[in-house]
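Just below is one structure, and these are the notes that go with it.
When a ligand or atom number is given, it counts from 1 through the structure's own listing order. Numbering of residues begins at 1 and proceeds along the displayed sequence.
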Amino acid sequence: MRSAKIIHVVSCHAEGEVGDVIVGGVAPPPGETLWQQSRWIARDETLRNFVLNEPRGGVFRHVNLLVPPKDPRAQMAWIIMEPADTPPMSGSNSLCVATVLLDSGILEMHEPETRLVLEAPGGLIEVLAHCRNGKTESVEVRNVPSFADKLDAALEVPGIGTLQVDTAYGGDSFVIVDAQKLGFALTADEAADLVATGIKITRAANEQLGFVHPLNPDWDHISFCQLASAVKRDQQGLSATNSVVIRPGKIDRSPCGTGCSARMAVLHAKGMLQVNEPFVSHSIIGSTFHCRIDGLTDVAGRAAILPRIAGRAWITGTHQLLLDPADPWPQGYRLSDTWPVGITNS
Ligand SMILES: O=C(O)[C@H]1NCC[C@@H]1O
């Protein structure tokens, strides 16, 4: 066996969504800040292509690169690589990273609870991991400040018509639409139709509504379309189902932590969800995140929430990714039969 590189990966999924973690074999990228390091990874593309593209990856795969933190309050930092974006934050990926760090012994586990501060490119997150018998059984994440952007905006979507939508930031940027009004029950058999609809809505939202993070003008687009059910209220609090369509064309198998954060910001802005009130979110495969608003804050003068999301993650394997120097496709490849083309990275 010969190899020009060897990348050590612990594979993981959080409530169904893949979030593999690179634990060795890659030097930290250049950059003064974690955000700058993540921009280098997005621009350079070598690592993204190697781990995300076929034959090693696929459009369903997310990969997280552990790097030393820049902020002294954090025990570890990481850069998130998703199929189209290198985003500020990701809920499912943060659950995978916390679980891999503790279950593999990279950071010390304390039972029954381990508290961590992790640095995502979009800011610090606080982790409370519930651990038993050497296993992280569930993880609560205090996400980055999240806020509603445009409420009840009119959006003209070619082939669909005029929709009323909300846009919001929850660590990543969303256009949120009522799934039932579009005829969706949010069941697994609708996945391909949900993707086709969600991609059209995201494209229209970027053209007509746009998004720029007020403290980070580099994050200047809407990443995802969240097709969401109406909220139900009972004695336990609020609950809803969602399908988040991830560019270039796949559905989040988890209930999407950044999506839950964005939705809670919208619900709070509309007076429908209060601080500390439980919000349970279900995915298309029936997995669940337990969420709530921990407190209120502001982002550059805009009202914002401090979201908490909680879910479970499981390690699925370990891998060593190799590159034979004679392999004619060191960057791999994407074909439009499984990987819709034409979306640029950011
Ligand atoms: O949980 C989340 O926030 C995400 N899951 C995959 C895409 C998003 O980053």
* Please confirm whether Asn93 comes within less than 3.5 Å of ligand 1 when only nitrogen or oxygen atoms on both sides are compared. => no
* Give the numbers and elements of all ligand 1 atoms closer than 4.0 Å to a heavy atom of Gly257. => 1 (O), 2 (C), 3 (O)
* **Closest protein heavy atom (residue, atom, distance) for atom 9 (O) of ligand 1** => Glu82 OE2, 2.6 Å
* Asked: So His221 and Trp219, would you call those rings parallel, tilted or perpendicular, with 30° and 60° as cut-offs?
  -> tilted
* To do: Look at ligand 1 and say whether Cys256 reaches it with a heavy atom at a distance under 4.0 Å.
  => yes
* **Verdict with reasoning, His268 to Phe279, per ring pair (Phe, Tyr, Trp, His ring centres under 6.0 Å)** => CA-CA 11 Å; His268 184 262; Phe279 175 61; over 10 Å; no
* To do: Write out all pairs satisfying salt bridge (Lys or Arg N to Asp or Glu O under 4.0 Å) with one or both partners inside residues 282-309, taking only residues at least two apart or from two chains.
  => Glu140-Arg308, Arg142-Asp294, Asp149-Arg302, Arg292-Asp294, Asp294-Arg308
* Phe50 ring centre to Lys5 NZ or CZ under 6.0 Å, with the angle to the axis within 45°? -> yes
* Asked: Can you find a non-hydrogen atom of Asp252 under 4.0 Å from ligand 1?
  -> yes
* The single option from Ile41, Leu65, Ile6 passing side-chain contact (heavy atoms from CB on, under 4.5 Å) against Val26 -> Leu65
* Asked: Which atoms from ligand 1 have a heavy atom of Ile246 less than 4.0 Å away?
  -> 6 (C), 7 (C)
* Please name all residues satisfying side chain to side chain contact (heavy atoms under 4.5 Å, CB included) with Val59, sequence neighbours left out, ordered by chain then number. => Pro83, Pro248, Trp339
* Ligand-residue contact atoms, ligand 1 with His62, heavy atoms, under 4.0 Å -> 6 (C)
* Structure fact -> Here the atoms of ligand 1 under 4.0 Å from any heavy atom belonging to Gly91 are 1 (O), 2 (C), 3 (O)
